[in-house]
Amino acid sequence: WLVLRKRRIRQLSLAAREAILQGDSGTARKALVSLLAFLEYRYSPGSVYYGLAVADLLDGNHRRARELLERSGENPAALELLALLFLEEGGNQRADTIAKRLLSQRPGRLSLWLLHAACQEALGHADTAERIVRQAAARWPRSPAATNALRCIEAGESLRGMLLDKELG
């Protein structure tokens with residue numbers, strides 16, 4: 001029974017992931033809601049809420065996605081996406097608070113450096129944003145994302161716009 005149960009959880013998780021990658025929010029949502037029937041997801045639904053939020057974003061429902069992400073707990077992927085949504089909505093300080101917290105926990109993630117820089121730019125701290133991007137580019141010299149962010153800063157273009165287009169576009 002336990003083997004079948006674990007297999008079913010794995011099947012549902014993979015089905016949800018594949019559906020999201022294909023842009024099929026309905027199938028993803030059905031698989032994710034089915035996961036909530038399992039005890040481990042009922043008591044700790046953060047990853048399911050994150051998946052449902054991504055499905056909502058595919059459907060263009062940013063408000064519901066934000067609500068689900070806010071209920072996702074300490075799921076780092078959910079928090080990063082929540083910060084991006086706050087940044088998109090003009091909640092720059094809230095976005096930066098999340099970005100800094102995540103960056104302190106996971107300093108090896110380039111995406112968090114760029115998110116923090118974009119938040120700083122949106123808050124009117126262009127010099128700080130540039131310093132963060134230059135540090136990231138030095139730390140990840142072969143990364144296309146870091147190189148693009150540096151080009152964006154040097155050209156005087158919006159880092160926030162570039163990041164949002166890439167992540168939510």
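Note that these values count all heavy atoms, side chains included, but never hydrogens, waters or copies made by symmetry. The chain is numbered in sequence order, starting from 1.
- Between Glu121 and Ser158, some side-chain heavy-atom pair lies under the 4.5 Å cut-off.
- Taken together through direct or relayed side-chain contacts under 4.5 Å among Ile, Leu, Val, Met, Phe, Trp and Tyr, Val33 and Ile9 form part of one hydrophobic cluster.
- Atom CG in Leu32 sits 8.5 Å away from atom CG in Leu12 (nearest 0.5 Å).
- Atom CG of residue Leu52 and atom CG of residue Leu57 lie 11.0 Å apart, to the nearest 0.5 angstrom.
- For residues 69-82, every residue pair satisfying the side-chain hydrogen bond (donor to acceptor under 3.5 Å, both in side chains) rule, not counting sequence neighbours, is listed here: Tyr49-Arg71, Glu74-Arg101, Glu80-Arg109, Glu80-Ser111.
- Of all non-hydrogen atoms in Leu159 and Ala118, the two that sit nearest each other are CD2-N, 3.7 Å.
- Residues Ala28 and Ala16 approach most closely at CB-O, 3.8 Å, considering heavy atoms.
- Among Thr128, Leu115, Asn92, the one residue that satisfies the side chain to side chain contact (heavy atoms under 4.5 Å, CB included) test with Gln120 is Thr128.
- Between the CG atom in Leu163 and the CD atom in Glu88 there is a gap of 11.0 Å [rounded to 0.5 Å].
- Taking hydrophobic clusters as Ile, Leu, Val, Met, Phe, Trp and Tyr residues chained together by side-chain heavy-atom distances below 4.5 Å, Ile98 shares a cluster with Leu110.
- Residues passing the salt bridge (charged side-chain N to carboxylate O under 4.0 Å, His left out) test with Arg134, sequence neighbours excluded: Glu130, Glu154.
- Asp96 and Lys100 are joined by a salt bridge, as a carboxylate oxygen and a charged side-chain nitrogen come within less than 4.0 angstrom of each other.
- If you take CG on Leu87 and CD on Gln93, they are separated by 11.5 Å, rounding to the nearest 0.5 Å.
- Nearest heavy-atom pair across Ala95 and Ala83 is CB-O, 3.3 Å.
- The nearest pair of heavy atoms linking Leu114 to Ala136 is CD2-CB, 4.5 Å.
- Atoms CZ and CG, from Phe86 and Leu79 in turn, are 10.0 Å apart once rounded to the nearest 0.5 Å.
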Requested in this report: Please lay out, stage by stage, how Asn61 and Arg63 fare under the test side chain to side chain contact (heavy atoms under 4.5 Å, CB included).
Outcome: CA-CA 6 Å; Asn61 191 342; Arg63 182 191 55 78; 4.1 Å; yes
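- Among residue pairs with one or both ends in residues 35-45, those qualifying as salt bridge (charged side-chain N to carboxylate O under 4.0 Å, His left out) are Arg5-Glu40; sequence neighbours excluded.
- Expressed to the nearest 0.5 Å, how far CG of Leu102 lies from CG of Leu112 amounts to 5.5 Å.
- Linking ILVMFWY residues whenever their side-chain heavy atoms come closer than 4.5 Å, directly or via other members, leaves Leu123 and Leu85 in distinct clusters.
- Among residues at least two apart or in separate chains, ring-ring contact (aromatic ring centres under 6.0 Å, His included) pairs with a member in residues 99-158 are Trp113-Trp140.
- Identified under the salt bridge (charged side-chain N to carboxylate O under 4.0 Å, His left out) test for residues 20-37, with sequence neighbours left out: Arg29-Asp56, Arg29-Asp59.
- A salt bridge is defined here as a Lys NZ or Arg NE, NH1 or NH2 lying under 4.0 Å from an Asp or Glu carboxylate O, and Glu89 with Arg66 meets this definition.
- Leu69 and Leu82 get closest at one heavy-atom pair: CD1-N, 3.8 Å.
- Contact annotation: the side chain of Tyr41 approaches that of Ser47 to within less than 4.5 Å [non-hydrogen atoms, C-beta and beyond].
- Applying the side-chain hydrogen bond (donor to acceptor under 3.5 Å, both in side chains) definition to pairs two or more places apart or across chains, those involving residues 10-20 are Glu18-Gln22.
- Ala117 approaches Ile132 most closely through the heavy-atom pair CB-CG2, 3.7 Å.
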